[in-house]
Q: 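Following this message is one structure expressed as structure tokens.
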Amino acid sequence: METFLNVTLDLLNGFGTTVKLFGLTLLFALPLGLIFSFCSMSKFKPVSALMKVFIWIIRGTPLMLQLIVVFYGPGLAGAWAEDLLAVTDNALIQWIATWNGLDRFPAVLVAFVINYACYFSEIYRGGIESIPKGQYEAGQVLGMTKTQIFFKIVLLQVIKRIIPPMSNEIITLVKDTSLARIIAVYEIIWSAQVYIKSAGLIWPLFYTAAFYLIFNGVLTVLFRKIEKKLDYFKG
Amino acid sequence: MSVLEVSNIKKSFGKVEVLRDISFSLEKGEVLSIIGSSGSGKTTLLRCLNFLEYADEGTITVNGKLLYDGSDKKSKRMKEAEIRTKRLHFGIVFQNFNLFPQYNVLKNIMLAPTLLKHGDEKAIEENAKKLIERVGLADKINNYPCELSGGQQQRVAIARALALNPDILCFDEPTSALDPELTGEVLKVIRSLKTGDSTMIVVTHEMGFAREVSDKIIFMADGVIEEFGTPEEIFGNPKSEKMKAFLSRSLENI
């Protein structure tokens, strides 16, 4: 019984990091995704092309790999630039030579935010492009500005349409946080794995499922509530 | 002085010439119907007037003020703010209503005047309520578009366009998306607007309605004005072959 309590407390500690990573990722990736989606829909071709290539790279490579690149990449570049300083005193090289890389948690957060912003941006884009042209035209002929049309007419309709795919993506994010252990961020799976090595216990690892299930259960209920709230209109 | 003067409007989409030299004028309080078969350019003409499309050539003058000149490159590159003020001379009621689904009837009508700061909230609301009464929907004021029939939605759209007091109100096939039994109520509202001071342009397939309500009728075919005249002239004594053929086709459908 005592071990169960201890394990629970330990897992809760790791789960704290999981929830923190989840919350902060959402906080930054939701607005960043909107900016990305505007870039990929931009009428200025270089911007939209660049954005599409970037989204292709991020969605086309494993998140695990991106974590490693964000964590080790800057430090490696810094060391490489330091070597180069022997043959050049280029200001850019000098600046890169000062790079030390990010701490573990910030590195994970950066990788997660960029990765999820790309997925969100495609969901936003789908939502925005699905709004009938007539809605924009109705706003235009009533003398509204582009900003007013977006925020007063289009946005809520987009939100209503994207809630199902967004909830899917957000629930995936909860589970993806377990990748953070790749660069030794102490989240819940890691804290359970410790028991395999130290005490030969594997059940704490199975036990983590309960934490994920409860958390995702709460999220599912929350999304259903938002969906219900927007049920009053069709469109 | 004419409220609206349109001269030599031309518009192509790629290689397709949709409007080929359209000119007409409209006096204050007149109702102009534009008839013609699908693809003759009627809707494009309305969209050019509302700056949803830009005419390649030609001018649009409202109340003696030149709003648009296709030969002037500046006209096509008008600043967004400039287009917005110019658009307000015109109102348009779309075929598919295009009401804002997340707002109730009152808010649909109040939204634009509120955002454009046309007076204080109270005055805007009072005006909106008057308009809702005028289109016969006083009991639906708090309903959402999805709770209304097509005919009711279109009447809300008419009230919404009127709320900005346009000089010229345009209707783009206002009854084409409606069930036949619902067209009557919308036509009745449009008819009731013909009080002498509101100028209207109606693109329509309702020949009976056009004949009854219009002061002038334009018959368009292949991007040109094939015939122009009073309802009596157009329907009573059509001159061109195309007009005769169109009329007999329209009558067959009735």
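Lettering follows sequence order; numbering is per chain, from 1. Everything quoted here is computed from the prediction, not taken from an experiment.
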Q: Using non-hydrogen atoms only, which part of B/Ile83 is less than 4.5 Å away from chain A: side chain, backbone, both, or neither?
A: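 The answer is neither part of B/Ile83.
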
Q: Check step by step if side chain to side chain donor-acceptor pair (under 3.5 Å) holds for A/Gln66 and A/Thr61.
A: CA-CA 7 Å; A/Gln66 292 162 19; A/Thr61 57; 2.8 Å; yes

Q: Taking all heavy atoms of B/Thr204 and all of B/Ala210, pick out the closest pair and write down the distance.
A: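 Nearest pair, atom of B/Thr204 first, then B/Ala210: CG2-CB, 4.0 Å.
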
Q: With a 6.0 Å cut-off (strictly less than), is the heavy-atom count around CD of B/Glu121, excluding the residue itself, greater than 12?
A: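 Not buried by this count: 12 neighbours or fewer within 6.0 Å.
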
Q: Give, as side chain, backbone, both or neither, the part of B/Glu80 having an atom under 4.5 angstrom from any heavy atom of chain A.
A: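 Side chain of B/Glu80 only, per the 4.5 Å heavy-atom cut-off to chain A.
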
Q: Is it true that atom CD of B/Glu133 has more than 12 heavy atoms of other residues, nucleotides or ligands lying nearer than 6.0 Å?
A: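 No, CD of B/Glu133 has 12 or fewer neighbouring heavy atoms, counting only those of other groups under 6.0 Å.
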
Q: Would you check, one step at a time, whether the test side chain to side chain donor-acceptor pair (under 3.5 Å) holds for B/Thr59 with B/Ser7?
A: CA-CA 5 Å; B/Thr59 60; B/Ser7 46; 2.7 Å; yes

Q: Identify which part of B/Leu52 has an atom lying under 4.5 Å from any heavy atom of chain A, answering side chain, backbone, both or neither.
A: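 When you check distances to chain A, only side chain atoms of B/Leu52 fall under 4.5 Å.
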
Q: Counting heavy-atom pairs under 4.5 Å to chain A, which of B/Tyr144, B/Phe90, B/Phe97, B/Phe51 comes out on top?
A: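 Among the listed options, the one with the most contacts to chain A is B/Tyr144.
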
Q: A/Lys146 versus chain B, heavy atoms under 4.5 Å apart: side chain, backbone, both or neither?
A: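 Both parts, heavy atoms under 4.5 Å.
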
Q: Taking side chain as everything from C-beta outward and backbone as N, CA, C, O, which of these in B/Phe100 sits under 4.5 Å from a heavy atom of chain A? Side chain, backbone, both or neither.
A: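 Its backbone and side chain both get close to chain A.
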
Q: For B/Glu82, I'd like to know if atom CD has over 12 heavy atoms of other residues, nucleotides or ligands within 6.0 Å.
A: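 Correct, the count exceeds 12.
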
Q: So for A/Glu137, is it side chain, backbone, both, or neither that comes closer than 4.5 Å to the heavy atoms of chain B?
A: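 Both backbone and side chain of A/Glu137 come within 4.5 Å of chain B.
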
Q: Please classify the contact of B/Tyr103 with chain A as side chain, backbone, both or neither, using a heavy-atom distance under 4.5 Å.
A: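 Contact with chain A involves the side chain of B/Tyr103 alone.
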
Q: If you measure from the Lys or Arg side-chain nitrogens to the Asp or Glu carboxylate oxygens, is any gap between B/Lys129 and B/Glu125 under 4.0 Å?
A: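 Salt bridge present between B/Lys129 and B/Glu125.
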
Q: Taking side chain as everything from C-beta outward and backbone as N, CA, C, O, which of these in B/Arg47 sits under 4.5 Å from a heavy atom of chain A? Side chain, backbone, both or neither.
A: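 Side chain only.
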
Q: Taking every non-hydrogen pair under 4.5 Å, which of B/Gln102, B/Glu147, B/Arg87 racks up the most with chain A?
A: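 Of B/Gln102, B/Glu147, B/Arg87, B/Gln102 has the most heavy-atom pairs under 4.5 Å with chain A.
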
